[in-house]
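Heads up: the structure comes next, in structure tokens.
Order of appearance sets the numbers: ligands from 1, and atoms from 1 within every ligand.
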Amino acid sequence: MKIGLFVLGLAALFAVSVAIGSAVGPAETESSEMEETMDAHGGHETTAGAAHQPAGLGVSADAYTLRLTPTQVERGEERVLRFRIEHDGGAVTEFDKLHERRMHLIVVRRDGTGFRHLHPEMDAAGTWALPVAFSQPGVYRVFADFAVEGEQETLATDVFASGGKFEARPFPAPQPDAETEGYEVDLEAEELVAGKPVALSFALSEEGHPVEELQPYLGADGHLVALREGDLAFLHVHPEEEHGAPNEIVFEAEFPTAGRYRLYLQFRHDGAVRTAEFTVEVPR
Ligand SMILES: [Cu+2]
């Protein structure tokens, strides 16, 4: 709700600054004024552009480019993935902390299977590196999620894992509960409407008892990645600090369009990070 109002506020602000810009000033003035206003509100994750175009669809966005190698690997073989974020002809070396880390690497096969959330290391020249093995063949999406100068970016490229027999699996049917490593996770959501912020509440239990003492993961109760079926557009979701029960993790998400989405909920309990997966459908 809070973020929804904020987006509306930004949209109104944008409309006003466009009107002023076209009346009295050049386009540059209007955009820098808008950035200043947004920085003052600390709202870097909710730009007017992001509300329209989902993240994670390209190797380049907002003058940042992801260059990753190798993009051709053999299934089952561990390779060191290396990548840089280029901007103005050079590699970016200064990243903001975003959810306690300066770089988040999300790896998932194009059919939504094999989800991994990794944290590579950067050298002084701005090259990030991490050993990764792809146990199953197929085309993988590799997302680099980061922030520079207060702006969150999510760039992505494909990595092709050859060898063996590739069997694609569609997103599983939507279901309100999931199981992972002995935990049951129940998803409760308001009515899902495209383009409208909704609260997604996950309740965790173990052998029928609510899980107590969730441990913080990346500075929050949990972490949620949401990917759209068809193009794996990457949604930026926001953890909510307030929730009802101690075994609940709540996020606010805005699904940009009707369709199905795969959700990857990560939480920490008993010293380990667990992942529960859901499919949700946003009706037309
Ligand atoms: Cu991360």
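The Cu ion (ligand 1) has His104 ND1, His117 NE2, His119 NE2 as its protein N, O or S neighbours under 2.8 Å.
Note: His104 and His99 have perpendicular aromatic rings, judged against thresholds of 30 and 60 degrees for the angle between ring planes. Ring geometry, Phe146 versus Phe95: the interplanar angle exceeds 60°, so the pair is classed perpendicular (tilted spans 30 to 60°). In this structure, Tyr64 and His87 have parallel ring planes: the angle between them is below the 30° cut-off, well short of the 60° mark.
Asn247 and Glu212 are not linked by any side-chain donor-acceptor pair at a separation below 3.5 angstrom, with hydrogens and angles left out of the test. Side-chain N/O atoms of Ser135 and Arg75 include no donor and acceptor closer than 3.5 Å.
Counting only distance, with no hydrogens or angles, the side chain of Gln136 and the backbone of Phe166 share no donor-acceptor pair below 3.5 Å.
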